[in-house]
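The block underneath contains the structure these notes are about, expressed in C-alpha cells.
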Amino acid sequence: MKQLVCVVVLALVAPNLIAAECDTKGVIVEKSFLQSVHDCTEYLQIPKERLTQYMANEFPPDDETKCLLFCVGVDLGWWNNTCGLQVPSIVSYFQPVHGDKQYEKRTKECLERRVGAIESPNSCCQAYETFQCYFQEFGNLVTCPQYVRSTKLQATQAALDCLVMLRYPEKLLKVYASGKVEDSPETRCLYHCIDLRTGLYTQNGISLPRFFVRDAAYNDLRYLSKETKACRDRIRQSGCDRCSEVYNTHKECLAGLGEAGYTSGIITEAAKIALTNLGVSCNPDHKPCAFYPPYHPTQRPTKPSYTTKGYPATTKQSCSVCSNHHEPAKHYASAAASVEPAAGLSYGGRKPSTSKGSSGR
C-alpha cells in the first residue's frame, strides 16, 4: 500500500512563532507512525540499517520486525497486551481509498484468516498480522502525527495536576476522594482543565474523534454520530462559559457513551493521591508557605464554594519464534471492521476472542 503523505510547508517565521506552534499542554501526545518506528528501533536495540527498510514500508515476517510492530502498536495505543486490538486507535493511522466500499469487509476477513490461524499466544505475532491486515486491506498508511490516547494512569496524573494548579482546598479533595463528584463551579472547571490537559478539548471545543480514541476498548461509534455532534455544537454555541461548556457536553451529549464514569473516576483517584501528598515535604526544615485562596471560575459561583485551608503544591528481550503457516481460519466474532458500535478484538488466550464492553459513562 502507498503512504498517504502529510505535506509539510516550511515557512520562514520568527523563532517565537515556531515555538508557539510546537507548544503543547499537559500530557497531550500526537505522534506519527514513522516517529514510533524510529523510537521502537531504539527501544528494542534493532540495528540502525534496518530502519531504512522500515521507513520504506518494508516489514518482513521475521521476529525482529514482528516485535517492532508490537512495540509500535503499544506506543501508538492500537495494541493492548490484555485486550489486543484497539480499533479506533489503529484506524486513525489508515485512510481508505476514495470509492473503496469493501475495505472493512476485506480487513475483517484478513484478521479472521491470519490472526485466527496463530496457534501461539505470541503478542508480537498477533500485532504483526493485525498490522499487515490493515496495511494491505484497510487503506493507505497516514504519516501525519495522530492523537495518541492517554493511559488511565496518565489521565489520573493530569487530573492531579489540575487539582494542584487550581489550588482546590482539602475539604473539597475529601469530597472528591469519597467518590462524590457533584456539579459545582469547581467541578465544572476541573472537567475543563482535565480535557484541555489531555487533548480532549481544543480550540474548536470538545473533540469527539479524540473521545472515540480515548475509549478505544469500546469502539463506540456513537461518538462520531451526527446526533452527538449536533448536541456538542448546540452547547458550544449557547454562550455559556468554557467550564460549563465542557461539563454540560459530558452530561448531556456523552452520557452513556464509552466507559462509564471515566472522568469522575480519575478525579476520585487523583483526589486520593492529593490528600496523601498533603504535608509531604522534600525539606525537613520546610515552613508552610503563605495561604492563597482557591481558584474560582470566571462566573460567580451559584453554590457555596469551599474556602477551607489550602495546601502546598507538590508536585532486549528477544522475540519468540511463532508459527508463520496460516491454517484455515477458525471462526470468531470480530468487531475490527464492523460499522456497529462494539468492542475491539480481544486476544486474551491462545486463540483470539471477542470481548464486548458495556456502554455507559
Requested in this report: Run the numbers on Leu190 and Tyr247 for side-chain contact (heavy atoms from CB on, under 4.5 Å), then give the verdict.
Outcome: CA-CA 9 Å; Leu190 183 55; Tyr247 186 82; over 6 Å; no
Requested in this report: Any chance you could measure Arg222, atom CZ, to Leu224, atom CG, to the nearest 0.5 Å?
Outcome: 11.5 Å
Query - side-chain contact (heavy atoms from CB on, under 4.5 Å) between Cys71 and Leu44, worked out - result: CA-CA 8 Å; Cys71 173; Leu44 303 180; 4.1 Å; yes
Query raised in the report: Do Val91 and Phe33 belong to the same hydrophobic cluster, where Ile, Leu, Val, Met, Phe, Trp and Tyr are linked whenever their side-chain heavy atoms lie under 4.5 Å apart, directly or via other members?
Result: yes
Requested in this report: Say whether Ser89 and Gln86, considering side chains only, have a donor N or O and an acceptor N or O under 3.5 Å apart.
Outcome: no
Query raised in the report: CZ of Arg236: more than 12 outside heavy atoms within 6.0 angstrom?
Result: yes
Query raised in the report: Hey, does Tyr128 have a side-chain heavy atom less than 4.5 Å from the side chain of Leu68?
Result: no
Query - Sidechain-backbone polar pair: Gln35 side chain, Ser32 backbone, donor-acceptor under 3.5 Å - result: yes
Query raised in the report: Can we call the ring centroids of Phe131 and Phe59 under 6.0 Å apart?
Result: yes
Query raised in the report: Within a strict 4.5 Å, meaning less than it, do heavy atoms of the Thr156 and Ile273 side chains meet?
Result: yes
Report task. Run the salt-bridge test on Lys66 and Asp62 with the 4.0 Å N-O cut-off and return the result as yes or no. Result -> no
Query - Shortest non-hydrogen contact between Ser207 and Thr202, atoms and distance - result: CB-CG2, 4.4 Å
Query - Min side-chain heavy-atom separation Leu51-His38 under 4.5 Å - result: yes
**Report entry** Beyond-backbone contact of Arg197 with Cys162, side-chain heavy atoms, under 4.5 angstrom
**Finding:** yes
Query raised in the report: When rounded to the nearest 0.5 angstrom, what distance separates OG1 in Thr65 from CG in Asp63?
Result: 9.0 Å
Query raised in the report: Are His250 and Phe211 an aromatic pair by the rule of ring centers under 6.0 Å?
Result: yes
**Report entry** Lys/Arg N to Asp/Glu carboxylate O, Glu104 vs Lys108, below 4.0 Å
**Finding:** no
Requested in this report: On the 0 to 90° scale, with breaks at 30° and 60°, tag the Tyr176-Tyr168 ring pair as parallel, tilted or perpendicular.
Outcome: tilted
Query raised in the report: So, Tyr223 versus Asp215: side-chain donor-acceptor pair below 3.5 Å or not?
Result: yes
Report task. Check whether any side-chain N or O of Thr249 sits under 3.5 Å from a backbone N or O of Glu245 as a donor-acceptor pair, and report yes or no. Result -> yes
**Report entry** Tyr103/Phe94 under side-chain contact (heavy atoms from CB on, under 4.5 Å): CA gap, chis, key distance, verdict
**Finding:** CA-CA 11 Å; Tyr103 65 93; Phe94 292 91; over 6 Å; no
Query raised in the report: Does atom NZ of Lys174 have more than 12 heavy-atom neighbours, drawn from other residues, nucleotides or ligands, at distances under 6.0 Å?
Result: no
Report summary line: To the nearest 0.5 Å, atom CG of Leu254 lies from atom CD1 of Ile206 at 6.5 Å
Query raised in the report: If you round to the nearest 0.5 Å, how far is CD of Gln126 from CG of Asn81?
Result: 8.5 Å
Query raised in the report: Looking only at heavy atoms, what is the nearest atom pair of Leu173 and Ala274, with distance?
Result: CD1-CB, 3.9 Å
Requested in this report: Considering non-hydrogen atoms only, spot the tightest contact between Ala177 and Thr268 and give its length.
Outcome: O-CG2, 3.6 Å
Query raised in the report: Under 3.5 Å, is there a donor-acceptor pair linking the side chains of Asp241 and His192?
Result: no
Query - Test item: Thr276 side-chain N/O and Lys272 main-chain N/O as donor-acceptor pair under 3.5 Å - result: yes
Query raised in the report: Taking the side chain from Gln154 and the backbone from Thr151, do they hold a donor-acceptor pair closer than 3.5 Å?
Result: yes
Query raised in the report: So, Arg188 and Ser244: side-chain donor and acceptor under 3.5 Å apart, yes or no?
Result: yes
Query raised in the report: Where do Cys40 and Asp75 come nearest, in terms of heavy atoms and distance?
Result: SG-CB, 4.5 Å
Query raised in the report: If Ile, Leu, Val, Met, Phe, Trp and Tyr residues are connected whenever their side-chain heavy atoms lie under 4.5 Å apart, and connections chain through other members, are Ile194 and Ile235 in the same group?
Result: no
Query raised in the report: Where the side chain of Arg210 meets the backbone of Gly199, is there a donor-acceptor pair that is under 3.5 Å apart?
Result: yes
Report task. Could you tell me which non-hydrogen atom of Ile266 sits nearest to which non-hydrogen atom of Ala159, and how far apart they are? Result -> O-CB, 3.9 Å
**Report entry** Any side-chain heavy-atom pair of Leu166 and Cys193 under 4.5 Å
**Finding:** yes
Report task. Please lay out, stage by stage, how Glu137 and Lys105 fare under the test salt bridge (charged side-chain N to carboxylate O under 4.0 Å, His left out). Result -> CA-CA 9 Å; Glu137 307 294 348; Lys105 180 176 181 292; over 6 Å; no
Query - Sub-4.5 Å side-chain heavy-atom contact between Thr143 and Tyr93 - result: no
Query raised in the report: For Val181, does its backbone N or O pair with a side-chain atom of Ser264 as donor and acceptor, under 3.5 Å?
Result: no
Query raised in the report: Less than 4.0 Å between a side-chain N and a carboxylate O, is that true for Arg113 and Glu109?
Result: no
**Report entry** Taking every non-hydrogen atom, the tightest pair across Gln102 and Asp100
**Finding:** N-OD1, 3.0 Å
Query raised in the report: If you measure only the distance, is there a donor-acceptor pair under 3.5 Å linking the side chains of Tyr54 and Glu58?
Result: no
Query - Chi angles and distances behind the side-chain contact (heavy atoms from CB on, under 4.5 Å) call for Lys152, Glu269 - result: CA-CA 10 Å; Lys152 188 68 71 69; Glu269 292 305 311; over 6 Å; no
Query raised in the report: Do you see a donor-acceptor pair shorter than 3.5 Å between the side chains of Arg114 and Gln136?
Result: yes
Query raised in the report: Is the Tyr134 ring parallel, tilted or perpendicular to the Phe138 ring (thresholds 30°, 60°)?
Result: tilted
Query - Gln237-Asp233 side chain donor-acceptor pair, cut-off 3.5 Å - result: no
Requested in this report: Report yes or no: does Arg214 contribute a side-chain atom to a donor-acceptor pair with the main-chain N or O of Arg149 at less than 3.5 Å?
Outcome: no
Query raised in the report: Should Tyr147 and Val29 count as side-chain neighbours, where that means a heavy-atom distance under 4.5 Å?
Result: no
Report task. To the nearest 0.5 angstrom, please state how far the CD atom of Glu64 sits from the OG1 atom of Thr41. Result -> 10.0 Å
Query raised in the report: Is a salt bridge present between Arg167 and Glu186, judged by a nitrogen-to-oxygen distance below 4.0 Å?
Result: no
Query raised in the report: Just how far is it from atom CG of Leu257 to atom OG of Ser225, taken to the nearest 0.5 Å?
Result: 7.5 Å
Query - Derivation of the side-chain hydrogen bond (donor to acceptor under 3.5 Å, both in side chains) call for Asp161 and Gln157 - result: CA-CA 6 Å; Asp161 293 341; Gln157 179 62 56; 2.8 Å; yes
Query raised in the report: Any side-chain heavy atom of Pro169 within less than 4.5 Å of one from Leu172?
Result: yes
